Each structure stands twice: as C-alpha cells, then as structure tokens.
Amino acid sequence: MLRFENISKKYKSGQFALENFSLDLDCGVVGLLGPNGAGKSTLLRLAATLEVPTSGKIFFDGQNIVQNPDAIRAHLGYLPQDFTVEPSLTAHEFLSYIASLKGLTGKVRANAIDDVLTATNLASVSKHRIGTFSGGMNQRLGIAQALLGKPTLLLADEPTVGLDPEERLAFRNLLSTFGRTRLAVLSTHIVSDIDLIATQVAIMDRGKLIAFDAPQRLAERARGAVWQVQFTHREFACIENTFSLSKQFRLSRLISKAEGISATVLSSDKPFCDAILEEPQLEDAYLCLLHNII
C-alpha cells in the first residue's frame with residue numbers, strides 16, 4: 001500500500017534527515033520508533049506530500065506520489081506533531097471546515113463529523129471554543145480531523161502527546177480497529193504506545209532503518225541480552241555512573257523498593273556475577289539495537 005524506495009532527504013545545511021531509506025508497508029498498525037532526530041517526522045511529512053524527497057520514490061497503491069501527490073491526498077488522514085488550530089473556532093466549526101476541504105457535503109459531512117466527535121469523546125464539547133480546550137482535548141481534536149472521511153491511510157506524528165492514560169488507551173483501541181482493514185503509521189519514542197497494538201515496528205536512527213519486524217520477533221532478538229540484577233541502595237549509588245559510561249551494557253528499567261533496587265541491565269555478556277536472564281521486551285530490543293548491544 002505504501003512504499004518508500006531509496007528515499008533521501010538532504011537539507012541546505014548538508015545534513016541528511018533520511019538517507020537511502022526503503023520500507024514497504026501494508027494493512028495494519030506500523031509504529032515508527034526512534035530517538036529525536038531519527039527522521040520519523042520527516043518520513044511522515046514526505047508520505048503526506050508536505051515535502052518532497054531529495055532523491056528516491058514513494059508509491060501509494062502503485063502510484064508515484066512524488067510525481068502525482070493527488071494520488072494519496074484523497075485517501076489520507078494526517079496528524080502533525082505540532083497540531084494547532086484557530087482558537088476562536090468551535091470544534092464543530094473546525095471539523096466542518098476540514099470536512100469541506102475533504103469534499104464531504106450534506107448529510108455525509110454531518111454524519112462524518114458526528115462519528116469522529118464520538119470516537120474521540122468530544123461530542124459534549126463540540127460547540128465550545130477551541131481556545132478553551134486543554135492540551136489533551138486539543139490533541140483529540142487533531143485525531144478527529146485526521147479520521148474525517150474514513151481515510152485508508154492514517155499518518156500520526158506523536159499522537160499521544162498530552163493524552164491522559166485513559167485517553168491513550170482509547171486511542172490505542174481506535175487504532176487497533178482502524179488497522180484491521182487499513183494502514184496506520186504512527187511515530188513515537190514511547191515504546192508502550194505501540195507495544196500492544198502494532199503489527200509491525202520500524203526502528204530508525206539518524207535517518208536510517210535499523211530494524212523492521214513484528215514486535216514479538218523484535219523482542220526475541222534481545223533474548224540472552226536482558227538481565228535482572230538486585231542491588232542495595234548503597235551498592236547502586238556506588239555504580240550508578242557506570243551505566244552511563246559503559247559501552248558494554250545499558251540500564252533499561254529500575255524498580256526501587258524499600259529493601260533495594262531491581263535493575264534490568266542490557267548486555268551481550270553477563271554483566272554481574274549474580275545477574276539472572278530476564279524475558280526480553282520490545283523496549284529492551286529497541287535499546288539493544290540503538291546501542292549495538294545485539
């Protein structure tokens with residue numbers, strides 16, 4: 001459905017946001033994982049035809065959208081990272097405007113607006129001015145406008161920013177339903193946002209693709225490199241700086257209890273004499289791949 005073929009994006013500074021990037025995507029929920037500056041937002045802007053690549057091709061349903069951007073725009077829902085709206089408009093007025101831009105009219109437009117307001121739990125505040133919205137409400141409005149018109153391709157850049165835990169859960173459920181028959185691509189650096197719902201995960205770093213697979217298979221790649229270690233509070237205080245300085249192992253998770261610290265340590269070799277192998281998670285594989293531990 002969506003194909004990136006040897007895409008590069010080079011800016012005037014000479015820096016590459018993406019370099020020789022290739023990826024084929026089909027129906028499902030695809031998570032783009034990577035640190036800030038990995039190229040995730042650039043990739044989504046290119047797919048949304050807001051920017052053009054320096055070189056390479058992008059295909060949607062077999063059509064080159066670099067040459068013919070209209071081939072994707074009628075099928076696209078897009079949520080940018082910094083979603084802002086005229087604050088004097090009501091939510092309903094804004095969505096009506098977006099629906100008109102998407103070519104929706106009459107009863108079809110009215111039903112489409114009602115559907116997305118309900119899906120994002122904004123129906124009760126649809127007549128309120130956007131300037132009175134909280135950050136989470138504003139983000140839900142961004143999700144609502146991206147879903148207008150039932151797009152077959154949804155691109156969402158950091159969609160859960162500002163959402164509370166309940167709203168994040170509702171959005172994940174919405175994405176799971178969407179991805180059954182369509183393609184949703186969301187970028188994030190929060191692994192938990194996609195761990196449970198993504199059918200495929202692309203891990204990016206410095207403009208390049210370093211891994212692409214199902215979440216479970218990616219997690220399995222870290223097997224044998226995830227260790228649990230118990231420390232007293234004093235022991236951990238003495239070696240804490242070691243984790244930031246070492247190239248051999250990294251700290252993944254910490255659980256602090258009254259009796260001490262339970263640490264998950266990533267290392268290709270046993271990092272401490274009393275370390276015990278732990279079941280790997282997607283977050284572990286992500287960190288291992290980023291830091292060349294596996």
Side-chain angles (χ1 to χ4, degrees), residues 17 29 31-32 36-38 40-51 69 72-179 182 184-190 192-194 197:
V29 179
L32 303 179
N36 293 332
K40 306 184 302 295
S41 295
T42 300
L43 189 70
L44 292 185
R45 286 197 298 270
L46 291 172
T49 69
L50 297 175
E51 295 186 21
I72 195 172
R73 288 174 179 169
H75 307 277
L76 177 66
Y78 175 61
L79 174 63
Q81 187 174 15
D82 299 313
F83 175 73
T84 56
V85 185
E86 169 54 49
S88 64
L89 294 175
T90 67
H92 195 281
E93 287 170 342
F94 170 69
L95 291 174
S96 182
Y97 168 68
I98 297 297
S100 296
L101 292 180
K102 292 189 174 187
L104 304 178
T105 58
K107 191 173 182 179
V108 173
R109 178 172 67 182
N111 289 340
I113 293 171
D114 288 344
D115 287 346
V116 297
L117 284 170
T118 301
T120 55
N121 197 27
L122 289 172
S124 63
V125 294
S126 64
K127 303 299 182 183
H128 293 196
R129 302 291 175 189
I130 296 169
T132 66
F133 280 12
S134 67
M137 292 166 68
N138 190 70
Q139 191 70 357
R140 280 186 279 146
L141 181 62
I143 295 168
Q145 62 82 29
L147 293 172
L148 263 176
K150 297 182 178 179
T152 55
L153 173 62
L154 176 66
L155 305 174
D157 197 350
E158 300 287 354
T160 60
V161 171
L163 300 184
D164 64 31
E166 185 175 1
E167 291 167 345
R168 288 174 66 184
L169 177 60
F171 178 66
R172 290 200 297 266
N173 292 338
L174 188 154
L175 273 184
S176 292
T177 301
F178 185 97
R182 294 170 285 178
V185 185
L186 62 150
S187 78
T188 184
H189 58 273
I190 304 173
S192 60
D193 279 350
I194 60 173
I197 61 167

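Keep in mind that the numbers below use all heavy atoms, side chains included, and drop hydrogens, waters and symmetry copies. Please read these numbers as outputs of a predicted model, since none were measured by experiment.
- The CG atom of Leu76 lies 8.5 Å from the OG1 atom of Thr152; values are rounded to the nearest 0.5 Å.
- Using a 4.5 Å heavy-atom threshold, the side chains of Val161 and Glu158 count as touching.
- Among all heavy-atom pairs drawn from Ala184 and Phe178, the shortest one is CB-CD2, 3.8 Å.
- Distance check: Ser176 OG to Phe171 CZ gives 10.0 Å after rounding to the nearest 0.5 Å.
- The existence of a salt bridge linking Asp193 and Arg168 is confirmed by a sub-4.0 Å separation between a basic side-chain nitrogen and an acidic carboxylate oxygen.
- A salt bridge (charged side-chain N to carboxylate O under 4.0 Å, His left out) check over residues 78-107, counting only residues at least two apart or in different chains, returns the pairs Glu93-Arg129.
- Side-chain N or O atoms of Arg182 include one that pairs as donor or acceptor with a backbone N or O of Pro151 at under 3.5 Å.
- Nearest heavy-atom pair across Glu167 and Gly162 is OE1-O, 4.2 Å.
- For residues 114-125, no pair satisfies salt bridge (charged side-chain N to carboxylate O under 4.0 Å, His left out), with sequence neighbours left out.
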Begin with the C-alpha distance, continue with both residues' side-chain angles, and end with the deciding distance and a verdict on side chain to side chain contact (heavy atoms under 4.5 Å, CB included) for Leu147 and Leu174. CA-CA 10 Å; Leu147 293 172; Leu174 188 154; 3.6 Å; yes
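- Listed here is the closest heavy atom pair of Leu104 and Ala112: CD1-CB, 3.9 Å.
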Report the C-alpha distance between Ile113 and Leu148 in whole Å, list the side-chain angles of each, state the deciding distance to 0.1 Å, and finish with yes or no for side chain to side chain contact (heavy atoms under 4.5 Å, CB included). CA-CA 7 Å; Ile113 293 171; Leu148 263 176; 4.2 Å; yes
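- In terms of heavy atoms, Phe133 sits closest to Leu141 at CE2-CD2, 4.4 Å.
- The closest donor-acceptor contact from the side chain of Ser96 to the backbone of His92 lies at 3.5 Å or more, if one exists at all.
- In terms of heavy-atom proximity, Thr160 sits nearest to Ile190 at OG1-CD1, 4.5 Å.
- Here the side chains of Leu153 and Leu155 are in contact, with some heavy-atom distance below 4.5 Å.
- Of the residues listed (Asn121, Leu117, Val116), the one engaging Arg140 in a side chain to side chain contact (heavy atoms under 4.5 Å, CB included) is Asn121, and it is the only one.
- From Leu169, atom CG reaches atom CG of Leu163 across 11.0 Å, with rounding to the nearest 0.5 Å.
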Given Leu186 and Leu32, is the side chain to side chain contact (heavy atoms under 4.5 Å, CB included) satisfied, shown in steps? CA-CA 6 Å; Leu186 62 150; Leu32 303 179; over 6 Å; no
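- Leu89 contributes atom CG, which lies 9.5 Å from atom OH of Tyr97 (distance to the nearest 0.5 angstrom).
- Between Met137 and His128, the closest side-chain pair of non-hydrogen atoms is not below 4.5 Å.
- Between Gln139 and Leu79, the shortest heavy-atom distance links the atoms NE2-CD2, 3.8 Å.
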How far apart are the C-alpha atoms of Gln145 and Phe83, what are their side-chain angles, what is the distance that settles it, and do they pass the side chain to side chain contact (heavy atoms under 4.5 Å, CB included) test? CA-CA 11 Å; Gln145 62 82 29; Phe83 175 73; 3.9 Å; yes
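- Note: Ser187 OG to Arg45 CZ = 10.0 Å, rounded to the nearest 0.5 Å.
- Inter-residue side-chain proximity for Asp157 and Pro80 is flagged as unmet; no heavy-atom pair is nearer than 4.5 Å.
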